[in-house]
Amino acid sequence: MPAGHDQDTAAGGPLLELRGVTKRFGDTTVLHPTDLQVRRGEVVCVIGPSGSGKSTLLRCVNFIAPPSDGVIVFDGEEYRPPTPHRLLPILGAREERRLTALRSEIGMVFQQFNVFPHLTARQNVALGLRKTRGLSRAQADERAQAELEKVGMGAKADAYPERLSGGQKQRVAIARALALDPKLMLFDEATSALDPELVAGILAIMRQLAQDGMTMLVVTHEMRFAMEVADRVIFMDHGRIVEQGPPAHFREPESERTRAFLSSILQEAV
Amino acid sequence: MIAGVDFTPVWEQRGALLSGIGTMALISVVSFALSIVGGLILAGMRRSRSVPIRVAGFVLIQVMRGIALYVLLLWLFFGLAAAGGFQFNPVPAGILALSLLNSAYMAEVFRAGYDAVPPGQKEAALALGLSRWTWFRTVHLPQVVQVSLPAMGNVFVDIVKDTSVLSVVGVTELMRESQRWAQFYDLPFEFYTAAAAIYLAIVLVVTVAWRRLERYSRRHLVHAEATPPRRRLLFGFALPGTR
(Lines give C-alpha, C1' and ligand atoms only; values in the text may rest on other atoms or scores of the structure.)
Protein backbone atom coordinates (compact mmCIF):
# COMPACT_ATOMS: atom_id res chain seq x y z
CA MET A 1 0.00 0.00 0.00
CA PRO A 2 1.46 3.34 -0.96
CA ALA A 3 1.71 5.94 1.77
CA GLY A 4 0.83 9.61 1.59
CA HIS A 5 -2.94 9.69 2.12
CA ASP A 6 -5.16 11.66 4.45
CA GLN A 7 -5.99 10.50 7.95
CA ASP A 8 -9.27 8.97 6.81
CA THR A 9 -7.31 6.28 5.03
CA ALA A 10 -8.38 4.12 8.00
CA ALA A 11 -6.20 1.09 7.61
CA GLY A 12 -6.83 0.03 4.03
CA GLY A 13 -10.53 0.86 4.21
CA PRO A 14 -12.21 0.64 0.84
CA LEU A 15 -12.52 3.84 -1.16
CA LEU A 16 -14.99 2.21 -3.51
CA GLU A 17 -17.37 -0.61 -2.95
CA LEU A 18 -19.86 -2.12 -5.40
CA ARG A 19 -22.67 -4.25 -3.98
CA GLY A 20 -24.75 -6.22 -6.43
CA VAL A 21 -24.26 -3.63 -9.15
CA THR A 22 -26.22 -4.68 -12.24
CA LYS A 23 -26.74 -3.13 -15.64
CA ARG A 24 -29.53 -4.10 -17.99
CA PHE A 25 -30.46 -2.68 -21.36
CA GLY A 26 -34.01 -3.82 -21.95
CA ASP A 27 -33.93 -7.61 -21.79
CA THR A 28 -30.17 -7.99 -22.03
CA THR A 29 -28.10 -7.98 -18.90
CA VAL A 30 -24.66 -6.61 -19.73
CA LEU A 31 -23.49 -6.65 -16.12
CA HIS A 32 -24.72 -9.34 -13.77
CA PRO A 33 -24.85 -8.51 -10.04
CA THR A 34 -21.25 -7.65 -9.23
CA ASP A 35 -19.47 -7.05 -5.94
CA LEU A 36 -16.13 -5.30 -5.88
CA GLN A 37 -14.01 -3.41 -3.42
CA VAL A 38 -11.15 -1.07 -4.21
CA ARG A 39 -8.90 0.06 -1.36
CA ARG A 40 -7.32 3.48 -1.22
CA GLY A 41 -4.18 3.53 -3.29
CA GLU A 42 -4.97 0.23 -4.95
CA VAL A 43 -4.53 -0.26 -8.68
CA VAL A 44 -7.05 -2.69 -10.11
CA CYS A 45 -6.82 -3.75 -13.74
CA VAL A 46 -9.85 -5.23 -15.46
CA ILE A 47 -9.22 -7.51 -18.42
CA GLY A 48 -11.48 -9.61 -20.58
CA PRO A 49 -12.80 -10.02 -24.13
CA SER A 50 -14.77 -7.18 -25.72
CA GLY A 51 -18.40 -7.18 -24.70
CA SER A 52 -17.57 -8.73 -21.35
CA GLY A 53 -18.96 -5.78 -19.38
CA LYS A 54 -15.64 -4.17 -18.39
CA SER A 55 -16.49 -0.74 -19.68
CA THR A 56 -20.01 -0.98 -18.34
CA LEU A 57 -18.60 -1.73 -14.90
CA LEU A 58 -16.49 1.42 -15.10
CA ARG A 59 -19.39 3.55 -16.34
CA CYS A 60 -21.57 2.37 -13.50
CA VAL A 61 -19.03 3.56 -10.93
CA ASN A 62 -19.49 7.24 -11.84
CA PHE A 63 -23.07 6.82 -13.06
CA ILE A 64 -22.25 7.79 -16.65
CA ALA A 65 -24.32 4.69 -17.30
CA PRO A 66 -26.36 4.48 -14.10
CA PRO A 67 -26.63 0.93 -12.81
CA SER A 68 -30.05 -0.70 -12.98
CA ASP A 69 -29.62 -2.16 -9.53
CA GLY A 70 -27.24 -2.34 -6.63
CA VAL A 71 -25.39 0.06 -4.36
CA ILE A 72 -22.16 1.96 -4.86
CA VAL A 73 -20.31 3.22 -1.81
CA PHE A 74 -17.69 5.84 -2.52
CA ASP A 75 -15.66 7.46 0.23
CA GLY A 76 -18.23 6.40 2.81
CA GLU A 77 -21.24 7.73 0.89
CA GLU A 78 -23.91 5.46 -0.55
CA TYR A 79 -25.22 5.97 -4.06
CA ARG A 80 -28.15 4.10 -5.59
CA PRO A 81 -29.61 4.04 -9.11
CA PRO A 82 -31.44 7.34 -9.61
CA THR A 83 -35.22 7.18 -9.79
CA PRO A 84 -36.33 7.98 -13.31
CA HIS A 85 -38.74 10.94 -13.27
CA ARG A 86 -40.45 10.51 -16.60
CA LEU A 87 -43.06 13.18 -15.96
CA LEU A 88 -41.16 15.81 -14.03
CA PRO A 89 -37.39 15.45 -14.39
CA ILE A 90 -36.97 18.38 -12.00
CA LEU A 91 -37.89 16.02 -9.16
CA GLY A 92 -34.60 14.24 -9.76
CA ALA A 93 -32.56 17.44 -9.45
CA ARG A 94 -31.38 16.75 -5.93
CA GLU A 95 -30.26 13.21 -6.70
CA GLU A 96 -28.54 14.52 -9.79
CA ARG A 97 -26.63 17.20 -7.90
CA ARG A 98 -25.34 14.46 -5.62
CA LEU A 99 -24.17 12.40 -8.59
CA THR A 100 -22.58 15.47 -10.18
CA ALA A 101 -20.59 16.02 -6.99
CA LEU A 102 -19.61 12.33 -6.97
CA ARG A 103 -18.37 12.55 -10.56
CA SER A 104 -16.19 15.54 -9.79
CA GLU A 105 -14.30 13.33 -7.30
CA ILE A 106 -13.70 10.61 -9.90
CA GLY A 107 -11.53 11.20 -12.94
CA MET A 108 -12.24 9.31 -16.14
CA VAL A 109 -10.14 8.77 -19.25
CA PHE A 110 -11.79 7.39 -22.38
CA GLN A 111 -10.68 5.27 -25.28
CA GLN A 112 -11.75 7.98 -27.75
CA PHE A 113 -10.18 10.78 -25.64
CA ASN A 114 -13.33 12.87 -25.80
CA VAL A 115 -11.45 16.13 -25.54
CA PHE A 116 -13.62 19.14 -26.36
CA PRO A 117 -12.77 20.14 -29.95
CA HIS A 118 -13.94 23.74 -29.64
CA LEU A 119 -11.59 24.48 -26.73
CA THR A 120 -7.80 24.75 -26.61
CA ALA A 121 -5.84 22.25 -24.54
CA ARG A 122 -5.66 24.75 -21.71
CA GLN A 123 -9.37 25.54 -21.90
CA ASN A 124 -10.13 21.82 -21.88
CA VAL A 125 -8.35 21.47 -18.55
CA ALA A 126 -9.55 24.78 -17.11
CA LEU A 127 -13.24 24.16 -17.78
CA GLY A 128 -13.70 21.64 -14.98
CA LEU A 129 -11.64 23.73 -12.57
CA ARG A 130 -13.86 26.74 -13.16
CA LYS A 131 -17.20 24.98 -13.16
CA THR A 132 -16.72 22.41 -10.41
CA ARG A 133 -14.04 23.98 -8.21
CA GLY A 134 -15.12 27.59 -8.59
CA LEU A 135 -11.73 28.87 -9.69
CA SER A 136 -11.52 32.18 -11.51
CA ARG A 137 -10.51 32.12 -15.15
CA ALA A 138 -6.96 33.27 -14.31
CA GLN A 139 -6.52 30.75 -11.49
CA ALA A 140 -7.93 27.95 -13.63
CA ASP A 141 -5.68 28.82 -16.56
CA GLU A 142 -2.63 28.84 -14.33
CA ARG A 143 -3.51 25.50 -12.79
CA ALA A 144 -4.34 24.06 -16.22
CA GLN A 145 -0.96 25.11 -17.54
CA ALA A 146 0.73 23.35 -14.60
CA GLU A 147 -1.28 20.17 -15.21
CA LEU A 148 -0.41 20.22 -18.90
CA GLU A 149 3.29 20.59 -18.05
CA LYS A 150 3.04 17.45 -15.91
CA VAL A 151 1.94 15.36 -18.88
CA GLY A 152 4.44 17.01 -21.21
CA MET A 153 1.91 19.20 -23.00
CA GLY A 154 2.89 22.60 -21.64
CA ALA A 155 4.09 23.81 -25.03
CA LYS A 156 0.79 22.85 -26.69
CA ALA A 157 -1.52 24.60 -24.24
CA ASP A 158 -2.90 26.95 -26.89
CA ALA A 159 -3.44 24.29 -29.53
CA TYR A 160 -6.89 23.08 -30.48
CA PRO A 161 -7.34 19.28 -30.29
CA GLU A 162 -7.62 19.05 -34.07
CA ARG A 163 -3.94 19.88 -34.29
CA LEU A 164 -2.89 17.25 -31.75
CA SER A 165 -2.01 13.61 -32.27
CA GLY A 166 -3.99 10.88 -30.53
CA GLY A 167 -1.35 10.54 -27.86
CA GLN A 168 -1.35 14.28 -27.25
CA LYS A 169 -5.13 14.37 -27.04
CA GLN A 170 -5.05 11.60 -24.47
CA ARG A 171 -2.48 13.53 -22.45
CA VAL A 172 -4.78 16.53 -22.42
CA ALA A 173 -7.64 14.28 -21.34
CA ILE A 174 -5.53 12.89 -18.50
CA ALA A 175 -4.50 16.38 -17.40
CA ARG A 176 -8.15 17.43 -17.53
CA ALA A 177 -9.11 14.61 -15.18
CA LEU A 178 -6.15 14.99 -12.81
CA ALA A 179 -6.61 18.75 -12.47
CA LEU A 180 -9.60 18.15 -10.22
CA ASP A 181 -7.51 16.11 -7.74
CA PRO A 182 -9.75 13.07 -8.07
CA LYS A 183 -9.77 10.41 -5.37
CA LEU A 184 -10.19 7.69 -7.98
CA MET A 185 -9.16 7.46 -11.63
CA LEU A 186 -11.03 5.34 -14.15
CA PHE A 187 -9.23 4.40 -17.35
CA ASP A 188 -11.44 2.94 -20.06
CA GLU A 189 -9.06 1.36 -22.59
CA ALA A 190 -7.05 4.56 -22.59
CA THR A 191 -4.51 3.26 -25.10
CA SER A 192 -6.70 1.15 -27.41
CA ALA A 193 -7.28 3.89 -29.99
CA LEU A 194 -3.65 4.99 -30.15
CA ASP A 195 -1.02 4.27 -32.75
CA PRO A 196 1.37 1.65 -31.35
CA GLU A 197 4.27 4.08 -30.98
CA LEU A 198 2.17 6.39 -28.81
CA VAL A 199 1.00 3.76 -26.35
CA ALA A 200 4.15 3.66 -24.24
CA GLY A 201 4.02 7.36 -23.38
CA ILE A 202 0.49 7.11 -22.01
CA LEU A 203 1.29 3.93 -20.10
CA ALA A 204 4.29 5.69 -18.55
CA ILE A 205 2.03 8.44 -17.24
CA MET A 206 -0.37 5.87 -15.81
CA ARG A 207 2.50 3.95 -14.22
CA GLN A 208 3.80 7.13 -12.59
CA LEU A 209 0.31 7.91 -11.33
CA ALA A 210 0.11 4.47 -9.74
CA GLN A 211 3.48 4.96 -8.08
CA ASP A 212 2.30 8.28 -6.67
CA GLY A 213 -0.45 6.42 -4.86
CA MET A 214 -3.49 7.18 -7.03
CA THR A 215 -6.36 4.75 -6.65
CA MET A 216 -7.01 3.41 -10.13
CA LEU A 217 -9.53 1.18 -11.86
CA VAL A 218 -8.09 0.39 -15.28
CA VAL A 219 -9.78 -1.44 -18.13
CA THR A 220 -6.99 -2.48 -20.45
CA HIS A 221 -5.74 -4.88 -23.07
CA GLU A 222 -2.11 -4.18 -22.13
CA MET A 223 -1.29 -7.39 -20.25
CA ARG A 224 2.25 -6.35 -19.50
CA PHE A 225 1.08 -3.13 -17.92
CA ALA A 226 -1.48 -5.02 -15.85
CA MET A 227 1.11 -7.57 -14.71
CA GLU A 228 3.62 -4.90 -13.70
CA VAL A 229 1.47 -2.17 -12.21
CA ALA A 230 -1.70 -3.75 -10.87
CA ASP A 231 -2.14 -4.74 -7.24
CA ARG A 232 -5.01 -6.87 -8.42
CA VAL A 233 -6.24 -8.13 -11.77
CA ILE A 234 -9.87 -8.93 -12.52
CA PHE A 235 -10.92 -11.11 -15.42
CA MET A 236 -14.44 -10.53 -16.71
CA ASP A 237 -16.47 -12.48 -19.22
CA HIS A 238 -20.15 -12.37 -20.23
CA GLY A 239 -20.92 -9.60 -17.72
CA ARG A 240 -19.43 -11.37 -14.72
CA ILE A 241 -16.21 -11.31 -12.75
CA VAL A 242 -14.82 -14.75 -13.47
CA GLU A 243 -11.60 -14.62 -11.55
CA GLN A 244 -9.47 -12.13 -9.64
CA GLY A 245 -6.20 -12.00 -7.75
CA PRO A 246 -2.73 -10.51 -7.71
CA PRO A 247 -0.97 -10.47 -11.09
CA ALA A 248 1.07 -13.54 -10.16
CA HIS A 249 -2.18 -15.50 -9.89
CA PHE A 250 -2.77 -15.05 -13.61
CA ARG A 251 0.34 -17.01 -14.52
CA GLU A 252 -1.67 -20.04 -13.42
CA PRO A 253 -5.33 -19.04 -13.73
CA GLU A 254 -7.99 -21.36 -12.39
CA SER A 255 -10.70 -20.86 -14.94
CA GLU A 256 -10.58 -22.39 -18.38
CA ARG A 257 -12.05 -19.22 -19.87
CA THR A 258 -9.33 -17.07 -18.35
CA ARG A 259 -6.68 -19.38 -19.72
CA ALA A 260 -8.23 -19.31 -23.18
CA PHE A 261 -8.45 -15.50 -23.15
CA LEU A 262 -4.88 -15.06 -21.93
CA SER A 263 -3.41 -17.42 -24.48
CA SER A 264 -5.39 -15.74 -27.27
CA ILE A 265 -4.05 -12.28 -26.49
CA LEU A 266 -0.55 -13.59 -25.87
CA GLN A 267 -0.57 -15.17 -29.31
CA GLU A 268 -1.69 -11.84 -30.71
CA ALA A 269 1.32 -10.20 -29.12
CA VAL A 270 3.77 -12.56 -30.78
CA MET B 1 -36.82 47.68 -77.85
CA ILE B 2 -39.34 47.42 -75.05
CA ALA B 3 -41.62 50.39 -75.30
CA GLY B 4 -41.40 52.90 -72.51
CA VAL B 5 -39.10 51.19 -70.05
CA ASP B 6 -38.19 53.90 -67.59
CA PHE B 7 -36.30 53.36 -64.37
CA THR B 8 -36.19 57.03 -63.40
CA PRO B 9 -39.21 56.81 -61.05
CA VAL B 10 -37.53 53.91 -59.26
CA TRP B 11 -34.57 56.11 -58.55
CA GLU B 12 -36.84 58.94 -57.50
CA GLN B 13 -38.51 56.68 -54.96
CA ARG B 14 -35.22 55.32 -53.60
CA GLY B 15 -36.06 56.80 -50.19
CA ALA B 16 -39.25 54.75 -49.93
CA LEU B 17 -37.50 51.61 -51.18
CA LEU B 18 -34.65 52.09 -48.71
CA SER B 19 -37.10 52.47 -45.87
CA GLY B 20 -38.74 49.26 -47.08
CA ILE B 21 -35.36 47.56 -47.00
CA GLY B 22 -34.84 48.83 -43.45
CA THR B 23 -38.16 47.39 -42.32
CA MET B 24 -37.34 44.11 -44.03
CA ALA B 25 -33.94 43.96 -42.36
CA LEU B 26 -35.37 44.70 -38.94
CA ILE B 27 -38.12 42.10 -39.25
CA SER B 28 -35.68 39.51 -40.66
CA VAL B 29 -33.12 39.92 -37.92
CA VAL B 30 -35.66 39.91 -35.09
CA SER B 31 -37.52 36.91 -36.55
CA PHE B 32 -34.26 35.05 -37.08
CA ALA B 33 -33.16 35.66 -33.50
CA LEU B 34 -36.54 34.55 -32.16
CA SER B 35 -36.46 31.47 -34.43
CA ILE B 36 -33.10 30.48 -32.97
CA VAL B 37 -34.47 30.76 -29.45
CA GLY B 38 -37.67 28.94 -30.41
CA GLY B 39 -35.72 26.30 -32.32
CA LEU B 40 -33.46 25.62 -29.37
CA ILE B 41 -36.46 25.30 -27.06
CA LEU B 42 -38.30 22.95 -29.44
CA ALA B 43 -35.20 20.86 -30.11
CA GLY B 44 -34.59 20.72 -26.36
CA MET B 45 -38.17 19.57 -25.81
CA ARG B 46 -37.65 16.76 -28.32
CA ARG B 47 -34.68 15.64 -26.23
CA SER B 48 -36.32 16.00 -22.82
CA ARG B 49 -36.32 13.08 -20.41
CA SER B 50 -39.96 13.87 -19.74
CA VAL B 51 -42.33 12.04 -22.09
CA PRO B 52 -45.10 14.71 -22.10
CA ILE B 53 -42.58 17.44 -22.95
CA ARG B 54 -41.15 15.30 -25.77
CA VAL B 55 -44.62 14.68 -27.19
CA ALA B 56 -45.53 18.38 -26.93
CA GLY B 57 -42.35 19.29 -28.79
CA PHE B 58 -43.13 16.80 -31.54
CA VAL B 59 -46.69 18.06 -31.96
CA LEU B 60 -45.64 21.72 -32.02
CA ILE B 61 -42.97 21.09 -34.65
CA GLN B 62 -45.30 19.07 -36.87
CA VAL B 63 -48.11 21.63 -36.64
CA MET B 64 -45.85 24.57 -37.42
CA ARG B 65 -44.18 22.78 -40.29
CA GLY B 66 -47.58 22.03 -41.73
CA ILE B 67 -48.91 25.60 -41.83
CA ALA B 68 -48.18 28.00 -44.69
CA LEU B 69 -46.87 31.43 -43.72
CA TYR B 70 -49.60 33.13 -45.71
CA VAL B 71 -52.32 31.20 -43.86
CA LEU B 72 -50.85 31.76 -40.42
CA LEU B 73 -50.39 35.46 -41.09
CA LEU B 74 -53.98 36.02 -42.20
CA TRP B 75 -55.22 33.92 -39.32
CA LEU B 76 -53.24 35.91 -36.75
CA PHE B 77 -54.02 39.32 -38.23
CA PHE B 78 -57.61 39.03 -39.46
CA GLY B 79 -58.80 35.75 -37.95
CA LEU B 80 -58.04 36.45 -34.32
CA ALA B 81 -59.41 40.00 -34.51
CA ALA B 82 -62.65 38.87 -36.13
CA ALA B 83 -63.14 36.18 -33.51
CA GLY B 84 -63.15 38.95 -30.94
CA GLY B 85 -59.67 38.11 -29.88
CA PHE B 86 -56.66 40.27 -30.26
CA GLN B 87 -55.90 42.84 -32.95
CA PHE B 88 -52.24 42.65 -33.83
CA ASN B 89 -50.32 45.47 -35.41
CA PRO B 90 -48.95 44.37 -38.79
CA VAL B 91 -45.27 44.22 -37.83
CA PRO B 92 -45.68 42.16 -34.61
CA ALA B 93 -48.07 39.82 -36.43
CA GLY B 94 -45.50 39.34 -39.18
CA ILE B 95 -42.64 38.76 -36.77
CA LEU B 96 -44.72 36.30 -34.76
CA ALA B 97 -45.76 34.32 -37.84
CA LEU B 98 -42.23 34.19 -39.25
CA SER B 99 -40.75 33.25 -35.87
CA LEU B 100 -43.25 30.51 -35.13
CA LEU B 101 -42.86 28.76 -38.47
CA ASN B 102 -39.11 29.12 -38.65
CA SER B 103 -38.69 27.92 -35.06
CA ALA B 104 -39.94 24.59 -36.28
CA TYR B 105 -37.42 24.54 -39.14
CA MET B 106 -34.68 25.69 -36.83
CA ALA B 107 -35.60 22.90 -34.39
CA GLU B 108 -34.99 20.38 -37.17
CA VAL B 109 -31.68 22.06 -37.97
CA PHE B 110 -30.57 21.86 -34.36
CA ARG B 111 -31.80 18.28 -34.06
CA ALA B 112 -29.42 17.27 -36.82
CA GLY B 113 -26.72 19.29 -35.09
CA TYR B 114 -27.41 17.51 -31.80
CA ASP B 115 -27.01 14.15 -33.50
CA ALA B 116 -23.71 15.19 -35.08
CA VAL B 117 -22.00 15.74 -31.71
CA PRO B 118 -20.44 12.44 -30.57
CA PRO B 119 -22.03 11.04 -27.39
CA GLY B 120 -18.57 10.82 -25.84
CA GLN B 121 -18.59 14.60 -25.47
CA LYS B 122 -21.48 14.44 -23.05
CA GLU B 123 -19.98 11.53 -21.17
CA ALA B 124 -16.69 13.37 -20.77
CA ALA B 125 -18.43 16.53 -19.59
CA LEU B 126 -20.54 14.68 -17.05
CA ALA B 127 -17.55 12.61 -15.90
CA LEU B 128 -15.80 15.89 -15.24
CA GLY B 129 -18.54 16.77 -12.76
CA LEU B 130 -20.27 19.36 -14.93
CA SER B 131 -23.99 19.72 -14.33
CA ARG B 132 -26.31 19.05 -17.26
CA TRP B 133 -26.89 22.77 -17.70
CA THR B 134 -23.16 23.54 -17.72
CA TRP B 135 -22.56 20.69 -20.16
CA PHE B 136 -25.23 22.05 -22.45
CA ARG B 137 -23.97 25.61 -22.32
CA THR B 138 -20.20 25.11 -22.47
CA VAL B 139 -19.72 21.84 -24.33
CA HIS B 140 -22.83 20.94 -26.30
CA LEU B 141 -24.28 24.18 -27.63
CA PRO B 142 -21.03 25.54 -29.14
CA GLN B 143 -20.58 22.32 -31.09
CA VAL B 144 -24.23 22.12 -32.15
CA VAL B 145 -24.16 25.70 -33.40
CA GLN B 146 -20.97 25.12 -35.32
CA VAL B 147 -22.40 22.09 -37.08
CA SER B 148 -25.72 23.85 -37.68
CA LEU B 149 -24.40 27.14 -39.03
CA PRO B 150 -24.72 26.35 -42.77
CA ALA B 151 -28.33 25.23 -42.38
CA MET B 152 -29.08 28.20 -40.14
CA GLY B 153 -27.89 30.47 -42.95
CA ASN B 154 -30.43 28.86 -45.28
CA VAL B 155 -33.20 29.56 -42.82
CA PHE B 156 -32.08 33.17 -42.58
CA VAL B 157 -32.19 33.57 -46.37
CA ASP B 158 -35.67 32.04 -46.41
CA ILE B 159 -36.81 34.50 -43.75
CA VAL B 160 -35.44 37.46 -45.72
CA LYS B 161 -37.39 36.43 -48.80
CA ASP B 162 -40.50 35.46 -46.85
CA THR B 163 -40.81 38.96 -45.39
CA SER B 164 -42.31 39.86 -48.77
CA VAL B 165 -45.46 37.95 -47.77
CA LEU B 166 -46.02 40.38 -44.89
CA SER B 167 -47.09 43.03 -47.40
CA VAL B 168 -50.55 41.43 -47.45
CA VAL B 169 -51.28 42.66 -43.94
CA GLY B 170 -49.83 46.09 -44.67
CA VAL B 171 -46.29 45.87 -43.38
CA THR B 172 -44.46 48.55 -45.35
CA GLU B 173 -41.45 46.46 -46.22
CA LEU B 174 -39.73 46.38 -49.58
CA MET B 175 -42.50 44.51 -51.44
CA ARG B 176 -45.26 46.75 -50.12
CA GLU B 177 -43.34 49.86 -51.17
CA SER B 178 -42.65 48.41 -54.58
CA GLN B 179 -46.30 47.55 -55.11
CA ARG B 180 -47.43 50.95 -54.01
CA TRP B 181 -45.14 52.82 -56.40
CA ALA B 182 -45.64 50.34 -59.21
CA GLN B 183 -49.34 51.16 -59.06
CA PHE B 184 -48.80 54.85 -58.53
CA TYR B 185 -46.62 55.20 -61.63
CA ASP B 186 -48.20 52.23 -63.42
CA LEU B 187 -44.69 50.87 -63.96
CA PRO B 188 -44.89 47.28 -62.60
CA PHE B 189 -42.00 46.04 -64.74
CA GLU B 190 -39.56 48.64 -63.44
CA PHE B 191 -40.49 48.46 -59.77
CA TYR B 192 -40.78 44.69 -59.59
CA THR B 193 -37.50 44.25 -61.45
CA ALA B 194 -35.89 46.60 -58.93
CA ALA B 195 -37.44 44.66 -56.05
CA ALA B 196 -36.19 41.34 -57.43
CA ALA B 197 -32.70 42.76 -57.91
CA ILE B 198 -32.66 44.13 -54.36
CA TYR B 199 -33.77 40.78 -52.87
CA LEU B 200 -31.11 39.01 -54.91
CA ALA B 201 -28.40 41.46 -53.82
CA ILE B 202 -29.35 41.18 -50.16
CA VAL B 203 -29.40 37.38 -50.30
CA LEU B 204 -25.93 37.43 -51.88
CA VAL B 205 -24.58 39.77 -49.21
CA VAL B 206 -26.10 37.60 -46.46
CA THR B 207 -24.63 34.47 -48.07
CA VAL B 208 -21.13 35.93 -48.25
CA ALA B 209 -21.27 37.26 -44.70
CA TRP B 210 -22.60 33.94 -43.49
CA ARG B 211 -19.78 32.05 -45.16
CA ARG B 212 -17.29 34.22 -43.35
CA LEU B 213 -19.04 33.46 -40.09
CA GLU B 214 -18.90 29.74 -40.86
CA ARG B 215 -15.21 29.96 -41.67
CA TYR B 216 -14.59 31.84 -38.44
CA SER B 217 -16.47 29.20 -36.45
CA ARG B 218 -14.27 26.49 -37.98
CA ARG B 219 -10.99 28.31 -37.35
CA HIS B 220 -9.90 25.69 -34.82
CA LEU B 221 -10.63 22.83 -37.21
CA VAL B 222 -8.33 24.03 -39.99
CA HIS B 223 -4.80 22.76 -39.98
CA ALA B 224 -2.54 25.80 -40.17
CA GLU B 225 -0.02 23.96 -42.28
CA ALA B 226 -2.69 22.61 -44.62
CA THR B 227 -4.32 25.93 -45.53
CA PRO B 228 -5.04 25.74 -49.25
CA PRO B 229 -3.60 28.39 -51.56
CA ARG B 230 -5.77 31.46 -51.86
CA ARG B 231 -8.56 30.86 -54.30
CA ARG B 232 -10.08 33.37 -56.64
CA LEU B 233 -13.45 34.09 -55.15
CA LEU B 234 -16.59 35.71 -56.44
CA PHE B 235 -19.07 36.51 -53.65
CA GLY B 236 -17.47 33.82 -51.52
CA PHE B 237 -17.83 31.14 -54.17
CA ALA B 238 -14.82 29.62 -55.84
CA LEU B 239 -14.57 30.46 -59.51
CA PRO B 240 -14.60 27.39 -61.72
CA GLY B 241 -11.22 25.89 -62.38
CA THR B 242 -9.42 27.66 -59.56
CA ARG B 243 -9.91 24.99 -56.87
Side-chain angles (χ1 to χ4, degrees), chain A residues 55 58-59 61-66 82 84-93 96-97 99-120 123-133 158-163 173 176-177 179-180 182 185-186 188, chain B residues 41 44-58 110 113-149 213-228:
Chain A
S55 291
L58 231 58
R59 283 153 186 273
V61 168
N62 64 357
F63 287 80
I64 290 298
H85 293 283
R86 288 271 166 247
L87 282 173
L88 285 170
I90 195 78
L91 294 177
E96 194 161 305
R97 270 202 297 278
L99 292 181
T100 301
L102 166 73
R103 290 185 190 119
S104 75
E105 303 292 331
I106 301 177
M108 189 164 194
V109 176
F110 301 85
Q111 180 177 358
Q112 298 300 336
F113 327 128
N114 297 346
V115 286
F116 305 131
H118 60 301
L119 301 178
T120 63
Q123 290 168 335
N124 260 277
V125 181
L127 182 64
L129 288 165
R130 281 170 51 214
K131 300 299 176 189
T132 75
R133 298 295 185 253
D158 289 313
Y160 283 99
E162 175 80 357
R163 300 190 183 177
R176 177 174 72 178
L180 302 185
M185 281 292 287
L186 307 173
D188 189 4
Chain B
I41 292 173
M45 289 171 77
R46 294 287 292 121
R47 283 303 179 94
S48 171
R49 282 168 293 171
S50 155
V51 176
I53 294 179
R54 273 210 304 274
V55 171
F58 175 78
F110 288 136
Y114 276 27
D115 293 339
V117 179
Q121 292 289 312
K122 183 178 185 181
E123 293 177 0
L126 293 185
L128 210 49
L130 303 187
S131 66
R132 284 175 150 272
W133 172 238
T134 310
W135 154 74
F136 181 79
R137 217 164 32 87
T138 63
V139 175
H140 195 56
L141 194 54
Q143 297 189 57
V144 170
V145 168
Q146 199 233 303
V147 175
S148 308
L149 266 183
L213 184 67
E214 285 172 31
R215 219 178 308 152
Y216 176 75
S217 83
R218 284 194 314 258
R219 67 200 177 282
H220 57 279
L221 295 180
V222 180
H223 289 275
E225 53 278 25
T227 305

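Of the residues considered (A:E96, A:Q111, A:Q112, A:M108), A:E96 shows the highest number of contacts with chain B, using heavy-atom pairs under 4.5 Å. Top candidate by heavy-atom pairs under 4.5 Å with chain B, chosen from A:A179, A:G128, A:P117, is A:P117.
Residue-level contacts of residues 120-128 of chain B with chain A, in order of numbering, are B:G120, B:Q121, B:E123, B:A124, B:A125, B:L126, B:A127, B:L128; threshold 4.5 Å between heavy atoms.
Checked against salt bridge (Lys or Arg N to Asp or Glu O under 4.0 Å), A:R97 has no partners two or more places apart in sequence or in another chain.
Heavy atoms closer than 4.5 Å to chain B are found in the side chain of A:F110, but not in its backbone. Within the 4.5 angstrom heavy-atom criterion, no atom of A:V109 approaches chain B. Within the 4.5 angstrom heavy-atom criterion, only backbone atoms of A:I106 (N, CA, C, O) approach chain B.
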Go through the steps to decide whether A:L127 and B:L130 satisfy the test side-chain contact (heavy atoms from CB on, under 4.5 Å), and finish with yes or no. CA-CA 9 Å; A:L127 182 64; B:L130 303 187; 3.9 Å; yes
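In this structure, the separation between OG1 on B:T138 and CG on A:L119 is 7.5 Å, given to the nearest 0.5 Å. Taking NZ of A:K131 as the start and CH2 of B:W133 as the end, the distance is 11.0 Å to the nearest 0.5 Å.
Checking side-chain atoms of A:H118 against main-chain N and O of B:S217 turns up no donor-acceptor pair under 3.5 Å.
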